[in-house]
Each structure stands twice: as C-alpha cells, then as structure tokens.
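Some notes on the structure that comes next.
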Amino acid sequence: MPLMPKRVKFRKSHRGRRKGNATKGNFLAFGEYGLKVLGRGWLTSIQIEAARVALTRHIKRGGKVWIRVFPDKPYTKKPAETRMGKGKGAVEHYVAVVKPGQIIFEMDGVPSSLARSALRLCAFKIPFRTKFISRHASEKE
C-alpha cells in the first residue's frame, strides 16, 4: 500500500511553487549516512516506496533506515478523452515536494561501503540527481 495521509483537511490542493532551496530536512538528523537531493520537483509515493524496497533489500535487513519525506500533497488528474471544464480532476496519488539540499533517506548500523552501494541503488529509483553524504565527511569540511 503506497504512502498517503490518513486524513486531509482539504481533498485537493494547488500546485504551488517550487523555487528556493530546502530549509528544513537539509542535515543528517538520525543516521550516519544519507541521500541528499540536488534537484527539485515532486516525489510520488510509488517512487519513495520503490527506493525504500531497493535500499532495505540491499542491506539484507541490517541497520536502520529513516525516510525523511512524506507524500502529503494530493495530485489530481482528469480522465482521458474528457472535455475541458467541469472542475478539477479526482485525486490520482500523493506527492512529496522536494527541493535541492533536502535529505530523503538516512541510514545507520551498516559499513560505509554497503551504505554507499545501497543508497546508489536507491538513487536509481529517484527522478532527480542525488548525492551520498556521511556525518564524518561533513565534520572534516
């Protein structure tokens, strides 16, 4: 079952603007290693789940994984071959708004080489450019 909110205040929302860099969730808060997004856009619940599955399968149930994004924005779509007008379409799925600098996955309890390879597989499922980051590398800089 894909990630989605239990309840929402409003069923449908505006698209919004995606300018600027991430101000929240742009540093490692839980784990030792993370995957930072360098692009901007929407990350669907299906993409988040596919990345999570790739990540957990590669580390073979070892370590701990944190998902730092949640799809809380409804994405609507009108049916195919429908005439213009008659209101906004029905909710198709949910998306998470992602800005450059935001960390989407964190992990701990695994060696650096395994974390790097696991997050690399995870990055293939994400439609943006990403960067592997670690707590030790950020302390040296």
Side-chain angles (χ1 to χ4, degrees), residues 1-82 84-141:
M1 192 173 133
L3 287 170
M4 62 188 292
K6 285 189 184 85
R7 295 173 62 242
V8 288
K9 190 167 184 179
F10 299 106
R11 211 159 41 99
K12 299 170 184 177
S13 73
H14 292 284
R15 284 192 183 89
R17 296 181 64 186
R18 291 173 271 189
K19 65 177 201 160
N21 295 332
T23 53
K24 289 190 275 187
N26 57 357
F27 60 92
L28 286 172
F30 305 102
E32 199 71 26
Y33 311 102
L35 191 68
K36 183 184 270 195
V37 174
L38 302 177
R40 77 180 71 245
W42 289 339
L43 199 56
T44 68
S45 55
I46 295 117
Q47 290 164 345
I48 295 167
E49 182 61 17
R52 185 197 65 80
V53 167
L55 185 66
T56 52
R57 284 214 179 127
H58 190 72
I59 59 173
K60 296 187 177 72
R61 312 288 259 165
K64 180 140 176 61
V65 175
W66 289 270
I67 304 169
R68 296 283 307 273
V69 289
F70 185 79
D72 56 355
K73 185 181 186 65
Y75 176 85
T76 62
K77 194 172 181 185
K78 289 176 81 86
E81 298 179 15
T82 305
M84 293 270 104
K86 302 213 176 11
K88 195 171 168 76
V91 174
E92 189 81 5
H93 55 261
Y94 285 84
V95 296
V97 179
V98 174
K99 292 180 176 181
Q102 190 165 355
I103 291 167
I104 52 174
F105 287 99
E106 287 188 34
M107 61 190 307
D108 203 351
V110 291
S112 178
S113 58
L114 182 63
R116 189 178 288 273
S117 61
L119 287 169
R120 183 173 166 270
L121 284 177
C122 183
F124 286 130
K125 310 289 182 188
I126 306 294
F128 314 110
R129 283 183 60 232
T130 57
K131 183 182 178 182
F132 173 82
I133 57 166
S134 70
R135 203 176 287 275
H136 297 303
S138 60
E139 286 173 2
K140 289 175 188 170
E141 293 173 348

**Message:** Are the side chains of N21 and K99 in contact, using a 4.5 Å heavy-atom criterion?
**Reply:** no
**Asked** With a 4.5 Å limit on heavy-atom distance, are the side chains of M4 and S45 in contact?
**Response** no
**Request:** Search all heavy atoms of V37 against all heavy atoms of G39 and return the closest pair with its distance.
**Result:** CG1-O, 3.2 Å
**Asked** Does the side chain of Y94 reach to within under 4.5 Å of the side chain of T44, using non-hydrogen atoms?
**Response** no
**Among I126, V53, V69, side-chain contact (heavy atoms from CB on, under 4.5 Å) partner for I48** = V69
**Request:** Take I59 and M107 through the test side-chain contact (heavy atoms from CB on, under 4.5 Å) and record every step on the way to the result.
**Result:** CA-CA 10 Å; I59 59 173; M107 61 190 307; 3.5 Å; yes
**Request:** Might you point out which heavy atoms bring C122 and L35 nearest each other, and give the distance in Å?
**Result:** SG-CD2, 4.0 Å
**Message:** Donor-acceptor pair, distance only, cut-off 3.5 Å: does the side chain of K12 make one with the backbone of G89?
**Reply:** yes
**Message:** Less than 4.5 Å apart, side chain to side chain, heavy atoms only: is that true for I67 and R52?
**Reply:** yes
**Request:** Side-chain contact test, heavy atoms from C-beta onward, threshold under 4.5 Å: evaluate it for N26 versus Q102 and give yes or no.
**Result:** no
**Message:** Is any side-chain heavy atom of K36 closer than 4.5 Å to one of F132?
**Reply:** no
**Prompt:** Taking K125 for the side chain and L55 for the main chain, is one N or O donor matched with an acceptor at less than 3.5 Å?
**Reply:** no
**Item:** Working for side-chain contact (heavy atoms from CB on, under 4.5 Å), residues L28 and E106
**Value:** CA-CA 7 Å; L28 286 172; E106 287 188 34; 3.7 Å; yes
**Request:** Hey, could you give me the NZ/CZ distance between K88 and R11, rounded to the nearest 0.5 Å?
**Result:** 11.0 Å
**Request:** Verify side-chain contact (heavy atoms from CB on, under 4.5 Å) between F128 and V98, making sure each step is shown before the conclusion.
**Result:** CA-CA 10 Å; F128 314 110; V98 174; 4.3 Å; yes
**Message:** So, taking the atom named NE2 in H58 and the one named CG in L119, what distance separates them when rounded to the nearest 0.5 Å?
**Reply:** 9.5 Å
**Asked** Backbone N or O of G87 within a donor-acceptor pair of the K78 side chain at under 3.5 Å?
**Response** yes
**Item:** From I104 atom CD1 to R68 atom CZ, the distance as rounded to the nearest 0.5 Å
**Value:** 11.0 Å
**Prompt:** Taking atom CZ of R18 as the centre, does the number of heavy atoms from other residues, nucleotides or ligands within less than 6.0 Å exceed 12?
**Reply:** yes
**Message:** Which heavy atom of Y33 sits nearest to which heavy atom of P111, and what is that distance?
**Reply:** OH-C, 4.1 Å
**Message:** Counting only heavy atoms from other residues, nucleotides and ligands, does the tally under 6.0 Å from NZ of K77 exceed 12?
**Reply:** no
**Flag if over 12 foreign heavy atoms under 6.0 Å of CZ, R120** = no
**Message:** Do L43 and P127 make a side-chain contact, defined as non-hydrogen atoms from C-beta onward lying under 4.5 Å apart?
**Reply:** yes
**Request:** Kindly say whether I46 contributes a backbone atom to a donor-acceptor pair with the side chain of E49 at under 3.5 angstrom?
**Result:** no
**Message:** Parallel, tilted or perpendicular: which one describes the rings of Y75 and W42, with boundaries at 30° and 60°?
**Reply:** perpendicular
**Asked** Are any non-hydrogen side-chain atoms of P74 and V91 less than 4.5 angstrom apart?
**Response** yes
**Message:** For a side-chain contact (heavy atoms from CB on, under 4.5 Å) check, start with the C-alpha distance between R40 and V97, then their side-chain angles and the critical distance, and finish with the verdict.
**Reply:** CA-CA 8 Å; R40 77 180 71 245; V97 179; over 6 Å; no
